[in-house]
Amino acid sequence: MNLKTLLAERLEVALRDAGAAAASAIVGPATRPEFGDYQANGAMAAAKRLGMKPRDLALRVAEAADLAGIAARCDVTGPGFISLTIDDDCLSEALADGRTEPVGGGERVVIDYSHPNLAKEMQVHHLRSTIIGDAVARVLDALGYDVIRQNHVGDWGTGFGRLVAHLNDTGEDSEALGDLERFYTEASERFANDATFADRARQVVVDLQGGDPATLARWQRYIDISMSHCQAVYERLGVGLEPEHVRGESAYNDDLDGIVEDLEAKGLLTESDGALCAFLPEFKGKDGKIAPIIVRKSDGGYLYHSTDLAAVRHRTQTLHAKRVLYVVDARQGLHFKQLFALARRAAYDAGASLEHHPFGMMLGNDGRPFKTREGSGTRLLDLLDEATVRARRLVEAKNPELDGQQMDRVARAVGIGAVKYADLSKNRTGDYVFDWDAMMSFEGNTAPYLQYAYARIQSLFQRGRVDAAALTGRPAIREAEEHALALQIARFQETLEQVAATVMPHHLCTYLYDLAAAFMRFYERCPVLDSDVRNDRLLLCRHTAATLSRGLDLLGIETVDRM
RNA sequence: GCGCCCGUAGCUCAACUGGACAGAGCAUCGGCCUUCUAAGCCGGCGGUUGAAGGUUCGAGUCCUUCCGGGCGCGCCA
């Protein structure tokens with residue numbers, strides 16, 4: 001049940017009856033405890049349009065709204081706020097053990113995330129796209145959207161041209177990704193410093209895009225090696241990307257000639273210095289210059305604008321997406337603005353919503369781009385190793401009674417969870433500071449705090465020899481802490497809908513932190529096992545645990561029963 | 001030069017997209033374990049939301065200008 005939506009619907013009926021036809025009730029959580037659980041702010045804006053006194057309209061709406069069985073109190077406060085307190089019985093009924101309602105109605109959403117560059121190991125800067133995208137995909141799934149994950153891997157650019165050209169020159173070869181990485185670095189160096197090598201590398205790209213069998217075979221081997229590495233990282237991270245979700249740049253190769261022909265037919269392209277470009281007037285700056293979109297290079301090769309255009313067309317016209325979400329680095333903002341603009345001109349968007357959801361860089365404590373340890377390394381696997389080692393040290397210190405296997409499980413859940421949560425809990429479209437001590441401190445808005453709340457509940461069940469699944473009935477709510485806890489649990493659905501609308505998982509993190517904090521207060525104040533109302537409180541515990549666990553699961557974070 | 005993003009407590013971050021007195025954690029000071037995990041709970045201290053104007057009944061949020069910081073801008077992705 002989504003209480004927020006329910007309240008808004010009821011209040012909007014009353015607003016309409018009062019003469020404010022299209023007015024929104026603007027319902028949100030109350031900003032202060034004395035204003036109840038929810039507040040509606042819509043009457044003030046509506047009154048302005050009707051020429052009424054805000055308070056008078058608010059009083060009429062509060063009086064007329066049918067809130068029976070939902071709100072125990074409905075008061076007008078201040079200049080015309082409507083303060084609502086949810087009925088305890090209604091709250092109790094709203095508890096759902098973390099289950100969600102399929103409001104998505106099967107609407108198809110494509111989400112493009114992770115997209116590592118192949119032939120290189122995954123780096124720390126791939127983390128954000130991978131885990132933010134994964135969390136959003138899970139939330140959309142949970143809400144009943146038809147989610148199609150697309151891993152648009154970089155398997156087709158000049159990077160491969162450099163690599164293959166370099167190995168052609170040196171005669172070297174390897175099955176090990178570490179070697180490929182080294183070859184790649186060498187190749188990049190030569191590309192920058194050796195003009196004739198750069199030409200050969202570009203020629204390899206043309207061969208590849210032209211379908212030369214020998215080049216293709218060599219390319220395929222490196223892709224396979226590289227992809228299996230990515231798959232191992234996804235597994236380690238607990239990210240739900242599978243080989244079936246990979247549809248890389250190369251998948252669109254056969255579409256590129258057709259894309260260019262079509263754009264030309266639509267009069268969108270101009271030749272400029274031998275390259276084919278689109279000059280769209282909305283990208284003209286004050287200096288009169290237009291930022292071009294290059295869809296084909298002067299040597300006949302294609303760029304990522306072209307493959308991305310083909311991908312848009314595929315996603316909207318073949319996959320029939322209603323929304324296409326790009327979880328990509330903020331530095332590509334201009335690229336996506338241009339891409340979407342050109343796609344709309346060419347009618348490739350098919351009416352779908354094309355959305356770039358940008359994020360900033362991971363910075364170290366020094367404010368510079370993050371590196372693992374003091375070295376220059378930025379391998380993602382190194383980061384995950386260090387997270388697990390740090391977590392294991394902490395777990396050993398805090399709870400030495402766990403056996404080795406339990407210790408490993410907890411270290412994994414806490415270490416990986418802390419890294420992911422630290423990232424997911426931040427809204428910033430700008431950069432964010434990666435701080436080992438803060439995320440591993442086990443205090444405040446961190447994964448371990450949430451995991452600890454969950455473990456405490458499991459411990460409670462264990463100590464009381466309670467089979468939580470066998471508990472029946474709806475809990476009666478008496479104490480203020482119980483009311484606050486139940487209210488927070490009941491907000492799960494509206495929170496997920498907020499994440500789906502904004503593509504910002506940090507709203508879910510804030511929600512879960514507030515939920516864990518509400519539970520901790522309840523736990524301190526309200527004894528459970530030795531209580532006259534034991535069953536009611538055990539039920540509240542079960543709903544809390546289930547919601548915490550489900551919420552963390554949607555973030556891709558594990559829970560443990562003991563820690 | 002053109003363009004995008006960011007600026008909130010000493011530090012790291014919120015503020016549900018225009019609502020009430022801007023909230024958390026860390027740090028700091030103090031209180032609470034012979035009862036369910038103290039990895040916890042309760043309280044104190046801490047703010048001219050970079051600056052100045054403007055719109056509005058109401059602005060951290062919208063508009064303008066300026067100051068700081070980051071990033072992007074023709075054949076890399």
Side-chain angles (χ1 to χ4, degrees), chain A residues 4 26 28-32 35 39 41 44-45 47-48 54 77-81 83 115 117 154 156-159 162 188 191 202 249 272-277 283-289 291-294 296-299 301 303-305 307-308 329-335 337 358 360-361 363 365 367 394-395 397-399 414 422 425-433 435 437-439 441-446 448-449 451-453 455-457 459-464 494-495 498 501-502 504 506-507 510-511 513-514 517 520-521 523-525 527-531 541 562-563:
Chain A
K4 183 173 152 173
I26 313 181
T31 52
R32 306 168 69 82
F35 299 138
Q39 65 184 44
N41 307 329
M44 289 176 288
K48 168 99 177 159
T77 50
F81 296 98
S83 297
H115 43 250
N117 293 321
W156 205 237
T158 47
R162 290 174 211 170
S188 297
F191 187 84
R202 290 194 190 93
E249 294 168 342
S272 172
D273 294 335
L276 282 177
C277 303
F283 297 103
K284 186 191 285 189
K286 281 181 191 166
D287 57 1
K289 290 184 188 158
I293 304 168
I294 302 177
R296 197 177 68 192
K297 296 191 284 185
S298 50
D299 66 4
L303 294 161
Y304 73 151
H305 268 119
T307 45
D308 277 354
D329 191 337
R331 287 178 297 188
Q332 304 213 27
L334 177 60
H335 166 64
K337 272 194 180 128
M361 289 187 298
L363 303 178
N365 269 324
L394 283 167
V395 174
K398 293 287 186 188
N399 196 350
V414 168
S425 61
K426 284 161 189 76
N427 159 33
R428 298 308 173 129
T429 49
D431 302 336
Y432 90 101
V433 177
D435 182 345
D437 293 332
M439 76 180 72
S441 78
F442 295 64
E443 286 166 11
N445 189 10
T446 64
Y449 179 83
Q451 290 166 322
Y452 177 57
R456 270 185 139 176
I457 297 171
S459 169
L460 208 60
F461 291 149
Q462 201 172 27
R463 181 169 289 259
E494 74 187 46
T495 303
Q498 189 185 10
T502 59
M504 288 185 172
H506 82 281
H507 288 125
T510 305
Y511 165 83
Y513 177 58
D514 290 342
M520 295 294 195
R521 275 178 232 119
Y523 182 89
E524 296 284 337
R525 178 82 211 294
V528 176
L529 294 177
D530 184 22
S531 159
C541 288
R562 295 183 65 194
M563 62 185 283

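All values below were derived from every heavy atom in this structure, side-chain atoms included, with hydrogens, water molecules and symmetry-related copies excluded. Residue numbers begin at 1 in each chain, while the letters A, B, ... track the order of the sequences.
- A syn base is found at B/C33: its glycosidic angle is within 90° of 0.
- Interatomic distance, A/T429 OG1 to A/M504 CE, rounded to the nearest 0.5 Å: 6.5 Å.
- Summarising the geometry, atom CZ belonging to A/F35 is positioned 5.5 Å from atom OG1 belonging to A/T77; distances are rounded to the nearest 0.5 Å.
- As judged by a 4.0 angstrom heavy-atom cut-off over every strand, A/A275 is placed among the base-contacting residues.
- In this view, A/R331 and A/D329 satisfy the salt bridge (Lys or Arg N to Asp or Glu O under 4.0 Å) rule, not counting sequence neighbours.
- Distance check on atom P: B/C63 versus B/G23 gives 25 Å, rounded to whole Å.
- Comparing B/C76, B/G74, B/C42 against the side chain of A/R521 picks out B/C42 as the nearest.
- Distance A/H507 NE2 to B/C13 P: 16 Å, rounded to the nearest Å.
- Nearest-nucleotide mapping onto RNA chain B: of A/T307 and A/A517, the residue sitting toward the 5' end is A/A517.
- Atom C1' of B/C4 sits at a distance of 28 Å from the matching atom of B/C11, rounded to the whole Å.
- Mapping A/E494 and A/P54 onto RNA chain B via the closest heavy atom, the residue that lands nearer the 5' end is A/E494.
- Rounded to an integer number of Å, the gap from CG of A/D287 to P of B/G1 is 11 Å.
- Rounded to a whole angstrom, the distance from the P atom of B/C13 to that of B/G50 is 15 Å.
- The interatomic distance linking A/M361 (CE) with B/G69 (C1') rounds to 11 Å, in whole Å.
- Taking CG from A/N445 and NZ from A/K426, the interatomic distance works out to 7.5 Å, rounded to the nearest 0.5 Å.
- The CG-P distance, from A/D514 to B/C16, rounds to 13 Å in whole Å.
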Once base and sugar-phosphate atoms are separated, protein heavy atoms under 4.0 Å mark nucleotides 3-11 of chain B, 5' to 3', with B, S and - as SSSSSB---
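- Between the side chain of A/D435 and the backbone N or O of A/D437, at least one donor-acceptor pair lies under 3.5 Å.
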Q) Step by step, would you call A/R202 with A/F191 a side-chain contact (heavy atoms from CB on, under 4.5 Å)? A) CA-CA 10 Å; A/R202 290 194 190 93; A/F191 187 84; 3.9 Å; yes
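- For RNA chain B, runs of at least 3 consecutive pairs of the Watson-Crick or G-U wobble type, with both hydrogen-bonding distances under 3.5 angstrom, map to B:1-7 with B:67-73, B:10-13 with B:23-26, B:28-32 with B:40-44, B:50-54 with B:62-66.
- Comparing B/G53 with B/U49, their P atoms sit 13 Å apart, to the nearest whole Å.
- We find the CG-CG distance between A/L363 and A/D431 to be 4.5 Å, quoted to the nearest 0.5 Å.
- Atom name P, nucleotides B/G1 and B/C45: the rounded distance is 48 Å, in whole Å.
- For the atom pair A/H305 NE2 and A/L276 CG, the distance stands at 14.0 Å (nearest 0.5 Å).
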For nucleotides 20-28 of chain B, 5' to 3', base contacts (B), sugar-phosphate-only contacts (S) and non-contacts (-) with protein non-hydrogen atoms under 4.0 Å give BB-SSSS--
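- The separation of B/G10 from B/A27, taken at their C1' atoms, amounts to 8 Å, rounded to a whole angstrom.
- Among the candidates A/C277, A/P292, A/S298, the single residue satisfying the side-chain contact (heavy atoms from CB on, under 4.5 Å) test with A/S272 is A/C277.
- By the 4.5 Å heavy-atom criterion applied to side chains, A/D308 and A/H335 are counted as neighbours.
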Report each atom pair, protein N/O against N/O of nucleotides 32-37 of chain B, whose distance is under 3.5 angstrom.
| unit_1 | atom_1 | unit_2 | atom_2 | d |
| --- | --- | --- | --- | --- |
| B/C36 | O3' | A/R463 | NE | 3.0 |
| B/C36 | O2 | A/L529 | N | 3.1 |
| B/C36 | N3 | A/V528 | N | 3.0 |
| B/C36 | N4 | A/Y523 | O | 2.5 |
| B/C36 | N4 | A/C526 | O | 3.0 |
| B/U37 | OP1 | A/S459 | OG | 3.0 |
| B/U37 | OP2 | A/S459 | OG | 2.9 |
| B/U37 | OP2 | A/R463 | NE | 3.4 |
| B/U37 | O2' | A/Y452 | OH | 2.0 |
| B/U37 | O2' | A/R456 | NE | 2.9 |
| B/U37 | N3 | A/M563 | O | 3.3 |
| B/U37 | O4 | A/M563 | N | 3.3 |

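- As a whole-Å value, the separation of A/H335 NE2 from B/G74 C1' is 15 Å.
- Protein atom CZ of A/F191 is 7 Å distant from nucleotide atom C1' of B/C76, rounded to whole Å.
- Contact annotation for A/N427: backbone-only contact, meaning every heavy-atom pair under 4.0 Å involves sugar-phosphate atoms and none involves a base.
- Nucleotides B/G25 and B/G70 are separated by 26 Å at their C1' atoms, to the nearest Å.
- Among the atoms of the strands shown, none is found under 4.0 Å from any heavy atom of A/T495.
- Contact annotation for A/H506: backbone-only contact, meaning every heavy-atom pair under 4.0 Å involves sugar-phosphate atoms and none involves a base.
- For the pair A/M504 CE and B/C13 C1', the computed distance is 14 Å after rounding to whole Å.
- Residue contacts shown for A/T502 include a base, since a base heavy atom lies under 4.0 Å away.
- Taking syn as a glycosidic angle within 90° of 0, B/U17 qualifies as syn.
- Closest heavy-atom contact between A/P79 and A/P54: O-CB, 3.4 Å.
- Taking the C1' atoms as reference points, B/C26 lies 30 Å from B/G19, given to the whole Å.
- Residues A/Y304 and A/Q332 meet the side-chain proximity criterion, which asks for heavy atoms closer than 4.5 Å.
- Atoms CG and CZ, from A/L529 and A/F461 in turn, are 9.0 Å apart once rounded to the nearest 0.5 Å.
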Is there any protein nitrogen or oxygen under 3.5 Å from a nitrogen or oxygen in nucleotides 58-63 of chain B, and what are the pairs?
none

